Amino acid sequence: MDYKATIQLPKTGFSQKANLAQKEPEILIKWEKMGIYKLIEQTRGEQGKYILHDGPPYANGHIHMGHALNKIIKDIINKAKFMAGYEINYIPGWDCHGLPIEHEVDKTLGAKKKGLFPLEIRKRCREYAEKFVQIQRDEFKRLGVFGDWENPYLTMSFDYQASIVREFGKFVEKDSIYRRKKPIQWCFTCRTALAEAEVEYKDHTSPSIYVKFSLTSDISEVLPVLKKEKNISVIIWTTTPWTIPGNLAICVHPDLVYVAVKTKGEVFIMAEGLFKRTMETLGVNDYEVLTTFPGTTLEKLRCRHPFIERDSVLILGGHVTLDTGTGCVHTAPGHGQEDYDVGLTYGLDIYSPVDNEGKFTEDVEFFNGQNVFRANKAVVQKLKETGALLKEEEIVHSYPHCWRCKEPIIFRATEQWFVAMDKNGFRDKALDEVKRVTWIPYWGEDRIYGMVENRPDWCISRQRSWGIPIAVFYCTSCRHPLAKKDIIDKIADRFACEGADAWFARSAEELIPPGITCPMCGGSTFEKETDILDVWFDSGVSWAAVMEGREGVAIPVDLYLEGSDQHRGWFHSALLTGVMTRAKAPYKTVLTHGFVVDGEGKKMSKTLGNVIHPNDVINKFGAEVLRLWVAAEDYREDIRISPEIIQRLSEAYRRFRNTCRFLLGNLDGFNPDRDSVSYNELEEIDRWALHKLQHILSRVIDAYESFEFHKVFYTIHNFCVLDLSAFYLDVLKDRLYCEKTDSRLRRSAQTVLYEILIALTKLFAPVLPFTTEEIWGFLPPKKGGQEKSVHLSRFPSVNPKYIDVELADRWEQLLNIRGEVNQVLEAARRKRDIGSSLEAEVVISGRGKHFELLRDYEVFLPTLFIVSQVSLEEADVVQEDKELEVKVRNASGEKCERCWNYHHSVGENPHHPTICERCLTVLAG
RNA sequence: GGGCCUAUAGCUCAGUUGGUUAGAGCGCACGCCUGAUAAGCGUGAGGUCGAUAGUUCAAAUCUAUCUAGGCCCA
């Protein structure tokens, strides 16, 4: 007789091979047809709403691993929150304006750009952004991310553009916007401002000059040693002589030591650490150090400008270094970033007498009308004439050049718009809000606090085309800027219909309401501002443009979640806009993740050749494995990815898949409504499994709650490997395969397997949406039906009835003994005494607590150890540290052909001489 | 150069308020099984806890410095 046909081996249509790269797109189509996101969105949550507000990626290029990481984390959270009973609503967004897109368009246009109106450039930028929104949307959807992909928010949509302008109007209303000069990088050949990304550094030959500024203050008040000295000067060094006319100050470091050096009747002041080198350069060998003193001594003393009727004041700045020069830094606040910063601190004028074309204005005596670079020579000549020039050389150094015309560029102060950080207690309010928000990890609070605390006023203007115009006008006659909230709101209304292009398409008269006159001069004609807003303002107000006004959604929203670079970026601009216009941060919690780095912890870059693209992983392993990677890594730090890591995870994936497949296979024919065994009727090991399941259930749900997905992964994985595969399921095989199909024993096991499978499937659904959905389709049908998708179901809750701590304690001890038995079995296997553990009889001798426990379970022990027989012998054990002694000998009796256990009853029945009495009973029915 | 962060087996992670011999899974090695089979089971070998110095009876854990790396500034 073929006894194999009489046992119930696992049977399921759920394939062992995942074939994810092919299967995932099919599941995506199924979801699409089902309209799954709409179904989720429409489901009311008994726990209330949970709103994760998407941070908009920039609509440029394909998605990279960082994008994938970010969106997958968000998706895990959304799915888990829904399953935990919340109502969710996820609107993905894109950041569409800004320089990188305009720059790309510029590149394709090349020289043609000059002749194009902003409107035409904007049209091309919009097309460019639209293209990448589509591309990225498809790439995000492929990852299995659920959201309202048909109605995402775009910062360039008309209503969003209108929102930006309205929020800007609120800033104006609060009187926090002002105009001030600020040095920016300027190409006078192209007559345009340049952003950092448009600047190329290459070698350039510049003059290198040493200049003395004679001291006019009486330094002997602070340094009596110099009382007798008359001819004292401060020595500066610069490579841009043309900025000397813009000199307003000389900056020294407060913590550096300075010296007064006497030579040929005059005294030079410079940093101690640089004076020897400098004197050598100047060719002065004969000198004497009169005194040394800290930089602070010099503060507020005054020098005379070498050729302009003006003083140059001595100030302190931390940016002064001993790398080059003299330690006394020529400071022209209109011509350099650091000069500007320190100039602001000392209330200096941001003086920049240079026009669009790089020529000195008529403000500048001697050189007006001259190009600044050509004026270098004239300035040097002038310094020579006045005797201020100590040395002139040439130097080759790295210098910024324009990306388009390749000519060297200059720093030039122009009028810019700013948000005042310290007016009306704005900064302090923002800092208070920082403290009220929950930052995960906690150190995010320190990070952003420090940034807000120390940041300068927010420069919100850009000299660009692709963005939202700063909706102010200038009086044609007196240049007074007209910035009024009611006018701005009117502009916003127009943008809502026509888009921000209206600003460029229409004249000032069309845009400005009739009857407006200049409050300064009464003039009635105006010009439009040509600057646009910083794109951080665009995305910063997304909470207002996207979230506010939605039914049931109010700020602060529950969660913002981005990379840790956004402390400076989006979290920051959202905080400032929220606090300014609504007096609160727009989020309750901010979660940050680290950056994706390679297997060695190095950042991914083309030059290092260590870049892994999401598509590489998806095509080879499936998006599911990428998602598992996101879940398995602790994303609060940098996240490593390498072929090995992905390989490991795809193996872990297979383990989960196989475990579920085994569960499904053993539930073949099981009808939960008809066949379930009540808790009290369950076998004890089955109750143990239920207890364990409750444990992981609460652990996993807690881990989702605290956004610790790697705990989700390890908890489930370890449960599958240790508790299920290596123990429970292995032990269960005999019962499942060999007992009668509908016996209580077998149904008891299946009842629990069913519970476990449902729980595992649901618990892992946020991480592995495709696979769990596939499993969902193979579940034994239940009365009343399951939800159409696992993603429409809710997490199971912990059932207190299933928790039995005493039972768990006993089983913990039994499992420890099982471990010892395994060691002895393995030793016997090495000696070739046995192969399969069923060939063994285990003999345990000893006495005491554990031995008594074994006595209680004597009948069950062969099952527990998966051996054919177990004998217990009460005896004193010789070994000191052991209470029990385990021995193994060959099982007695014959091997049952059906269940493979060895038993003395095999051979006793003449009709079935090769099977044991248990199997005989089963077959007898 | 400054601010914030990270460093535990080949890989991914645990390691409570300092307290026995630093844990787990994977991978690896060796074996078993062939009724989860491109599966399953068992056993085992892997770590100077980035380095150095200190505090302490006692340090992976606290302090300082350094090294390597990440983000943001300059």
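Not measured: the values here are computed from a predicted model. These numbers come from the heavy atoms of this one structure, side chains and all, not from hydrogens, waters or symmetry mates. So you know, we letter chains A, B, ... as the sequences are listed, proteins then strands, and number each from 1.
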Check [Y] with [X], please: is the shortest side-chain N to carboxylate O separation under 4.0 Å?
| X | Y | value |
| --- | --- | --- |
| E774(A) | R657(A) | yes |
| R918(A) | E739(A) | yes |
| R655(A) | E651(A) | no |

Next item on the list: Report the residue from V625(A), L20(A), L628(A) that forms a side chain to side chain contact (heavy atoms under 4.5 Å, CB included) with L768(A).
Entry: L628(A)
Going by distance alone, is a donor N or O of one side chain under 3.5 Å from an acceptor N or O of the other, for [X] and [Y]?
| X | Y | value |
| --- | --- | --- |
| Y728(A) | D686(A) | yes |
| R898(A) | H912(A) | no |
| E644(A) | S642(A) | no |

Check: When the ring centroid of Y58(A) is compared with that of W570(A), is the distance short of 6.0 Å?
Finding: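 Ring-ring flag for Y58(A)/W570(A): false, centres at least 6.0 Å apart.
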Note to self: Ring centroids only, cut at 6.0 angstrom: are F727(A) and W688(A) within range, meaning strictly under it?
What the structure shows: yes
Next item on the list: Please tell me which of E897(A) and Q566(A) maps to the more 5' nucleotide of RNA chain B, matching each residue to the nucleotide holding its nearest heavy atom.
Entry: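 Mapping each residue to its closest nucleotide by heavy atoms, the 5'-most match is E897(A).
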Notebook entry, point to check: Taking for each residue the nucleotide of RNA chain B with the nearest heavy atom, is it G444(A) or Y737(A) whose nucleotide lies nearer the 5' end?
Noted result: G444(A)
Item checked: side-chain hydrogen bond (donor to acceptor under 3.5 Å, both in side chains) involving K733(A) - partner list, sequence neighbours excluded ->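 Counting only residues at least two positions away or on another chain, K733(A) forms a side-chain hydrogen bond (donor to acceptor under 3.5 Å, both in side chains) with D730(A).
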What contact category does [X] fall into here, base, sugar-phosphate, or nothing, at under 4.0 angstrom with non-hydrogen atoms?
| X | answer |
| --- | --- |
| R830(A) | base |
| G594(A) | nothing |
| K603(A) | sugar-phosphate |
| E600(A) | nothing |
| A652(A) | nothing |
| I645(A) | sugar-phosphate |
| E453(A) | nothing |
| N658(A) | base |
| G665(A) | nothing |
| S837(A) | nothing |
| R657(A) | nothing |
| L649(A) | nothing |
| K733(A) | base |
| F595(A) | sugar-phosphate |

Next item on the list: Would you mind calling G46(B) syn or anti? Take O4'-C1'-N9-C4 for purines or O4'-C1'-N1-C2 for pyrimidines, and syn is within 90° of 0.
Entry: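 What G46(B) shows is a syn base, its glycosidic angle lying within 90° of 0.
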Could you measure between the two [atom1] atoms, the one in [N] and the one in [M], and give it in whole Å?
| N | M | atom1 | value |
| --- | --- | --- | --- |
| U6(B) | C62(B) | P | 11 Å |
| U67(B) | A51(B) | P | 15 Å |
| C5(B) | G23(B) | P | 30 Å |
| G2(B) | U8(B) | C1' | 30 Å |
| C41(B) | U34(B) | C1' | 12 Å |
| U21(B) | C26(B) | C1' | 24 Å |
| G18(B) | A59(B) | C1' | 6 Å |
| G27(B) | A68(B) | P | 35 Å |

Checklist line | First and last nucleotide of RNA chain B, 5' to 3', lying under 4.0 Å from heavy atoms of chain A | finding: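 Span of nucleotides near chain A: G3(B) to A74(B).
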Check: With Watson-Crick and G-U wobble geometry limited to distances under 3.5 Å, how should the secondary structure of RNA chain B be encoded in dot-bracket form, using | for bases paired to another strand and [ ] for crossing pairs?
Finding: (((((((..((((.....[...)))).(((((.......))))).....(((((..]....)))))))))))).
Notebook entry, point to check: How would you list all residue pairs meeting ring pair (Phe, Tyr, Trp, His ring centres under 6.0 Å) that involve residues 644-665 of chain A, not counting sequence neighbours?
Noted result: F656(A)-F764(A)
Margin query: Once salt bridge (Lys or Arg N to Asp or Glu O under 4.0 Å) is applied, what residue pairs with a partner in residues 326-346 of chain A remain, sequence neighbours excluded?
Written below: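 Found none.
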Item checked: Whether over 12 other heavy atoms sit under 6.0 Å from K603(A) NZ ->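 Count not over threshold, so no.
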Item checked: Audit row: L814(A), L864(A), side-chain contact (heavy atoms from CB on, under 4.5 Å) steps and yes/no -> CA-CA 8 Å; L814(A) 289 172; L864(A) 178 69; 4.1 Å; yes
Margin query: Give the residues of residues 860-869 of chain A touching RNA chain B, defined as any heavy atom closer than 4.0 Å, sorted by residue number.
Written below: none
